[in-house]
Amino acid sequence: MSSDGVAFCLDSIDLNSGTNALTQFMTRSETVPELQSETGVFSPRLTWEEIQSLKPELKSPFGNSQGLYRNPDNKDAGKLVTLTEFLELAKNKATTGILINIRNAPYLASKAGLDIVGTVTSALKNATLDQQSTQKIMIKSDDTSVLSKFADVKTYERAFSIEEKIGFITKESLEEIKKFADGVTVNRDSVIIARNFFTQYETSVIKDLKAANLSVYIHFLRNEFSSLWLDYLSDPITEIATYAMGAKVNGIMTDFPRTASKYIRCPCTDTTNPNPYPIFPNLLSRQDGDWICRSLVLSTISCMIIIRKKQQSETLIYLQHDSQQAITDVQNDC
């Protein structure tokens, strides 16, 4: 939010993470330990008019460290939009749903006198999105007090965000989360453990959350090859399939929505259809020792790996792409 109370869309309260704020307002840069350890130019210190003068910059999490920049030709194209403008765009485009991630609410309230929860509530109400169920509205936050304030609108789904990497969730924690949220978003590394750039096993996180009747969402998936484990073969579609079809999460959060849309629209994701190119997730084992049958699609050859727990031996089976019955037989055998 700006200092004059305008809510706008950006993934960080530090304007330097997605704009040229540091070059424009270097004298406003400061360190705020409650927000982050690095120096930044924070939105509550600037008016909306000042923020509008900034140029948005398309950032990559791998830009500085690995030199992998996203669409450098258009890195500063576009503009910053207010929450109201965003909601109108979503309504006019008839999107399936809208996700609003609310962060730093206590700091904004106590240090800047800004009520971000009230602003978001009013914006959704003014857009009449609180009176419909056609478009899914998800409120995501790492603050349970924020989620509790949206409890009265039953059409909203509230998702508690766990940013840290975890390996399990206690029953006590699950019961506490259920008081404030309908679902949970977890880091992808909390679900699938990898060593030496290869996936090893699936933790019990998804199983625990689903047993508590909580929806599970994964964040954040990316297309850059350096973010993909080697047994995904640098294919982000395989990673999506591993979480969607293998781990059976309720949804994913990605930096590349077009890739996710391609996965959803692809007929190969429906393994019940007799098509010659079925997409399967990657091979994984569960933390409890049970093995899961997975496969990868390699051009026109499906490579399916089966590990039989009884013998603890691997059987590698190569099937020609048109051997649909053979694929079905192997799946049944698993």
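For this chain, numbers begin at 1 and follow the sequence in order. Hydrogens, waters and symmetry mates play no part in the numbers below; they use all other heavy atoms, side chains included.
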- Message: Same cluster or not: Val249 versus Leu99, using hydrophobic residues (I, L, V, M, F, W, Y) connected whenever any side-chain heavy atoms lie under 4.5 Å apart?
- Response: no

- Task: Give the cluster check for Met138 versus Ile264: same hydrophobic cluster or not, with ILVMFWY residues linked at side-chain heavy-atom distances below 4.5 Å.
- Result: no

- Task: With rounding to the nearest 0.5 Å, note down the distance linking CG in Asp182 to CZ in Phe160.
- Result: 13.5 Å

- Do NZ/NE/NH1/NH2 and the carboxylate oxygens of Glu57 and Lys59 come within less than 4.0 Å? yes

- Query: So, the side chain of Arg28 versus the backbone of Arg45: is there a donor-acceptor pair under 3.5 Å, distance only?
  - Reply: yes

- Message: I need the Leu233 CG to Phe225 CZ distance, nearest 0.5 Å.
- Response: 14.0 Å

- Task: May I ask you to check whether Lys91 and Thr128 show a side-chain donor-acceptor distance below 3.5 Å?
- Result: yes

- Message: Please check: side-chain N/O of Ser190 versus main-chain N/O of Val186, any donor-acceptor pairing under 3.5 Å?
- Response: no

- Under 3.5 Å, is there a donor-acceptor pair between the side chain of Gln132 and the main chain of Gln135? yes

- Item | From CA spacing to verdict: side chain to side chain contact (heavy atoms under 4.5 Å, CB included), Asp11, Ser17 | CA-CA 8 Å; Asp11 64 350; Ser17 71; 3.9 Å; yes

- Quick one: does Ser3's side chain have a donor or acceptor within less than 3.5 Å of a partner on Leu46's backbone? yes

- For residues Ser145 and Asp143, is any side-chain donor paired with an opposing acceptor at under 3.5 Å? yes

- Item | Asn71, CG: over 12 other non-hydrogen atoms inside 6.0 angstrom | yes

- Item | Thr170 (side chain) donor-acceptor with Ser173 (main chain) under 3.5 angstrom | yes

- Item | Side-chain donor or acceptor of Ser204 paired with backbone N/O of Lys207 under 3.5 Å | no

- Query: How long is the span from the CG atom in Leu129 to the OH atom in Tyr156, to the nearest 0.5 Å?
  - Reply: 6.5 Å

- Message: Before you tell me yes or no, could you show the steps for Leu124 and Ile139 under side chain to side chain contact (heavy atoms under 4.5 Å, CB included), namely the whole-Å CA-CA distance, both residues' side-chain angles and the distance that decides it to 0.1 Å?
- Response: CA-CA 11 Å; Leu124 289 168; Ile139 307 296; 4.1 Å; yes

- Audit row: Asn126, Thr84, side chain to side chain contact (heavy atoms under 4.5 Å, CB included) steps and yes/no: CA-CA 9 Å; Asn126 292 337; Thr84 300; over 6 Å; no

- Same cluster (ILVMFWY, side-chain, under 4.5 Å), Val117 and Leu10: no

- Message: Under 4.5 Å between side-chain heavy atoms, counting indirect links through other Ile/Leu/Val/Met/Phe/Trp/Tyr residues: same cluster for Leu15 and Met26 or not?
- Response: no

- Message: Looking at Asn196, I'd like to know if its CG atom is crowded, meaning that more than 12 non-hydrogen atoms belonging to other residues, nucleotides or ligands lie closer than 6.0 Å.
- Response: no

- Task: Find out whether Ser29 and Val41 are in side-chain contact, i.e. whether some heavy atom of one side chain is under 4.5 Å from a heavy atom of the other.
- Result: yes

- Query: Is there a donor in the side chain of Thr199 and an acceptor in the side chain of Asp231, or the other way round, less than 3.5 Å apart?
  - Reply: yes

- Query: Would you say the side chain of Leu108 lies within less than 4.5 Å of the side chain of Ile13, judging by non-hydrogen atoms?
  - Reply: yes

- Query: Are more than 12 heavy atoms from other residues, nucleotides or ligands located less than 6.0 Å from atom CD of Glu34?
  - Reply: yes

- Kindly give the heavy-atom pair with the smallest separation between Asp130 and Val153, and that separation in Å. O-CG1, 4.0 Å

- What's the spacing between Glu175 CD and Glu172 CD if we round to 0.5 Å? 8.5 Å

- Message: What verdict does the side chain to side chain contact (heavy atoms under 4.5 Å, CB included) test give for Arg70 and Arg222, after you've listed the backbone C-alpha separation in whole Å, the side-chain angles of each residue and the deciding distance to 0.1 Å?
- Response: CA-CA 11 Å; Arg70 293 175 175 174; Arg222 301 179 171 108; 3.5 Å; yes

- Message: Tell me whether Asn74 contacts the main-chain N or O of Ala77 through its side chain, where contact means a donor paired with an acceptor under 3.5 Å.
- Response: no

- Task: State, yes or no, whether a side-chain contact exists between Lys140 and Arg158 at a heavy-atom distance under 4.5 Å.
- Result: no

- Item | Side-chain touch Arg188/Glu239, heavy atoms, less than 4.5 angstrom | yes

- Query: How close do Asp14 and Thr39 get, heavy atom to heavy atom, and via which atoms?
  - Reply: OD2-O, 4.2 Å

- Quick one: pull up NE2 in His219 and OG1 in Thr185 and give me the separation to the nearest 0.5 Å. 5.0 Å

- Query: Going by heavy atoms in the side chains, are Ile192 and Tyr243 under 4.5 Å from each other?
  - Reply: yes

- Qualifying residue for side-chain contact (heavy atoms from CB on, under 4.5 Å) with Met1, from Val120, Thr119, Val6: Thr119

- Message: If I compare all heavy atoms of Asp189 with all of Asn187, which pair ends up nearest, and what's the gap?
- Response: N-OD1, 2.8 Å

- Measure the CG-CG distance between Leu221 and Asp255 for me, rounded to the nearest 0.5 Å. 8.5 Å

- Task: For the residue pair Glu224 and Tyr69, confirm or rule out a side-chain donor-acceptor distance under 3.5 Å.
- Result: no

- How far apart are the closest heavy atoms of Phe168 and Val205, and which atoms are they? N-CG2, 3.8 Å

- Query: Got a donor-acceptor contact below 3.5 angstrom from the Lys210 side chain to the Lys248 backbone?
  - Reply: yes

- Task: Without swapping roles, check the side chain of Ser148 against the backbone of Phe180 for a donor-acceptor pair under 3.5 Å.
- Result: no

- Message: With a 3.5 Å distance limit and no angle check, can you tell me whether Gln36 reaches the backbone of Glu38 through a side-chain donor-acceptor pair?
- Response: yes

- Task: Side-chain contact test, heavy atoms from C-beta onward, threshold under 4.5 Å: evaluate it for Phe150 versus Ile102 and give yes or no.
- Result: yes

- Message: On a heavy-atom basis, which atom in Ala123 and which in Leu83 lie closest, and how many Å separate them?
- Response: CB-CD2, 3.7 Å

- Query: Between Asn223 and Pro236, which heavy-atom pair has the shortest distance, and what is it?
  - Reply: OD1-CB, 3.5 Å

- Message: Could you check whether any side-chain heavy atom of Leu174 comes within less than 4.5 Å of a side-chain heavy atom of Leu209, counting everything from C-beta outward?
- Response: yes

- Message: If hydrophobic clusters are built by linking Ile, Leu, Val, Met, Phe, Trp and Tyr wherever their side-chain heavy atoms come under 4.5 Å apart, do Ile206 and Val184 end up in the same one?
- Response: yes

- Taking the six-membered ring for Trp and the single ring otherwise, decide whether the centroids of Trp48 and Phe8 are under 6.0 Å apart. yes

- Query: Looking at side-chain heavy atoms only, is the closest gap between Ser227 and Phe220 below 4.5 Å?
  - Reply: no

